[in-house]
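One-based numbering, in listed order, for ligands and for the atoms of each. All of these numbers come straight from a predicted model, not from anything done at the bench.
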Amino acid sequence: MNKIAVLTSGGDAPGMNAAIRAVVRTGISAGLDVYGVRNGYDGLIRGQWGYLSRRDVGGILHTGGTFLGSARCEEFYTLEGRQRAIEQMNAQGIEALVVIGGNGSQTGSYELHKMGFPVVGVASTIDNDLVGTDITIGVDSAINVALEAIDRLKTTAASHGRAFLLETMGRKCGYVALMAGIAGGAEVVVIPEQEIPPEEVAREVRAAYDRGKSHALIVVAEGAKNNARRLDEHFAAHPDAIGYDLRVTILGHVQRGADPTASDRLLATRLGEGAVRALVDGQRGVLVGLRGNRVTTTPLEEVAGRQKVIDLELLELARIMAK
Ligand code: ATP
């Protein structure tokens with residue numbers, strides 16, 4: 001094996017740059033030429049890539065986003081699209097591919113693997129919903145952004161005796177909301193994995209009010225049925241239900257743009273190195289992740305199309321702490 005390529009796919013996550021850097025520098029150390037693909041699978045289909053030197057990946061370790069660009073690519077869902085991508089790589093002499101991305105991206109990489117192309121995935125998404133890893137690149141940074149917002153909101157909420165409702169990212173997965181809620185001391189956490197009716201949310205907040213708390217915080221994941229908009233509507237229709245005056249903050253994409261935390265940089269560096277090592281060792285069709293603080297590989301077959309189940313004991317922990 002002489003030439004490999006690396007791409008970032010799906011939603012960008014802080015630490016993707018650190019992972020690209022690790023792939024490139026480990027690859028070069030192993031005697032490989034490493035090509036960086038622009039804009040995920042879209043660039044793969046169009047043959048948009050360039051050789052990356054050690055210096056090309058300098059100065060990016062501390063930056064969020066992905067300097068290669070990322071994309072969601074409809075064409076890659078089709079057999080023809082994936083065939084075209086393989087033809088492009090064969091024409092360039094690229095013998096293996098490292099895919100840095102989340103659930104959908106690794107389902108795509110498994111499709112490539114099934115077509116016989118050597119591929120290794122690196123677990124990276126702010127959702128932390130990938131099977132085969134305890135933690136994904138980007139989630140720690142996303143939690144820290146949410147936590148900073150919580151801390152600030154709590155300060156102003158306490159000054160005015162208000163309740164704040166903070167909506168975090170997470171279409172199908174409430175991991176960021178839950179962890180930020182625990183770390184930030186939320187009164188209620190609402191996640192898609194275990195829906196709570198608005199009446200119950202109101203009861204919990206009202207109980208905090210009646211206990212004399214100067215402020216209250218509700219953290220809700222965007223994918224929850226009762227998201228920020230719905231809860232706000234419910235509280236507006238029942239003005240006495242929570243006691244406090246309520247303000248709503250939706251974090252949105254602010255969460256993605258963070259500089260990666262030390263933890264994400266370290267994780268990305270370890271997993272990026274692990275991906276190249278796996279390829280050099282002859283492993284194919286695996287996801288590189290972290291389990292029990294060890295870099296591990298899991299067959300993509302076990303990862304593709306599945307979502308990691310959230311530990312609901314953590315939700316119980318959030319409830320106990322809120323009392
Ligand atoms: P995030 O977790 O941040 O949302 P993701 O990797 O899950 O990232 P998706 O939009 O789900 O993001 O997937 C990224 C891309 O992966 C898709 O646009 C598509 O090109 C490819 N992909 C996803 N699922 C499949 C599939 N079943 N077959 C082939 N390609 C796929």
Side-chain angles (χ1 to χ4, degrees), residues 5-17 19-20 37-46 48 64-66 68-86 88-89 97-117 119-133 135-143 145-146 168-177 192-193 221-223 251-258 260 264 267-268 271 275 285 287-289 300-308 310:
V6 57
L7 62 78
T8 48
S9 169
D12 65 312
M16 279 182 161
N17 278 330
I20 299 165
V37 182
R38 308 284 322 167
N39 303 325
Y41 291 128
D42 199 59
L44 200 64
I45 290 171
R46 275 158 247 300
Q48 292 169 342
T66 157
L68 287 176
S70 188
R72 313 221 189 240
C73 173
E74 284 304 314
E75 214 177 327
F76 202 73
Y77 286 95
T78 67
L79 187 62
E80 297 71 35
R82 295 193 295 275
Q83 266 163 351
R84 179 124 184 77
I86 290 174
Q88 292 276 19
M89 288 191 282
L97 177 70
V98 176
V99 174
I100 302 168
N103 240 324
S105 304
Q106 303 308 344
T107 307
S109 70
Y110 180 51
E111 291 299 323
L112 268 190
H113 167 71
K114 282 194 290 184
M115 292 168 74
F117 196 85
V119 58
V120 164
V122 171
S124 178
T125 163
I126 65 164
D127 288 336
N128 195 29
D129 59 350
L130 269 168
V131 170
T133 190
I135 192 87
T136 55
I137 298 165
V139 68
D140 185 63
S141 307
I143 291 169
V145 172
T168 67
M169 277 194 154
R171 272 172 302 153
K172 291 184 220 147
C173 177
Y175 187 82
V176 168
E193 290 88 344
E222 65 172 330
L251 219 41
H253 286 78
V254 167
Q255 248 180 279
R256 286 200 187 273
D264 270 330
L267 178 66
L271 299 193
L287 178 79
V288 178
L300 284 170
E301 189 180 2
E302 294 172 24
V303 174
R306 292 176 60 202
Q307 192 180 348
K308 188 165 69 183
I310 204 164

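Interatomic distance, CG of Asp264 versus CE of Met16, reported as 11.0 Å (0.5 Å rounding).
Protein residues having a heavy atom under 4.0 Å from any atom of ligand 1 are Ser9, Gly10, Gly11, Tyr41, Arg72, Cys73, Phe76, Tyr77, Arg82, Gly102, Asn103, Gly104, Ser105, Thr107, Gly108, Glu111, Thr125, Asp127, Arg171, listed by chain and number.
When the shell of 6.0 Å around CD of Gln307 is examined, it contains more than 12 heavy atoms from other residues, nucleotides or ligands.
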Stepwise side-chain hydrogen bond (donor to acceptor under 3.5 Å, both in side chains) check, Ser109 with Gln106: CA-CA 5 Å; Ser109 70; Gln106 303 308 344; 3.0 Å; yes
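Closest approach of Gly15 to Pro260, counting heavy atoms only: N-CB, 3.7 Å. Across every non-hydrogen atom of Ala19 and Ile137, the tightest pair is CB-CD1, 4.1 Å.
The only member of Asn128, Leu130, Asn103 that meets side chain to side chain contact (heavy atoms under 4.5 Å, CB included) when paired with Lys308 is Asn128.
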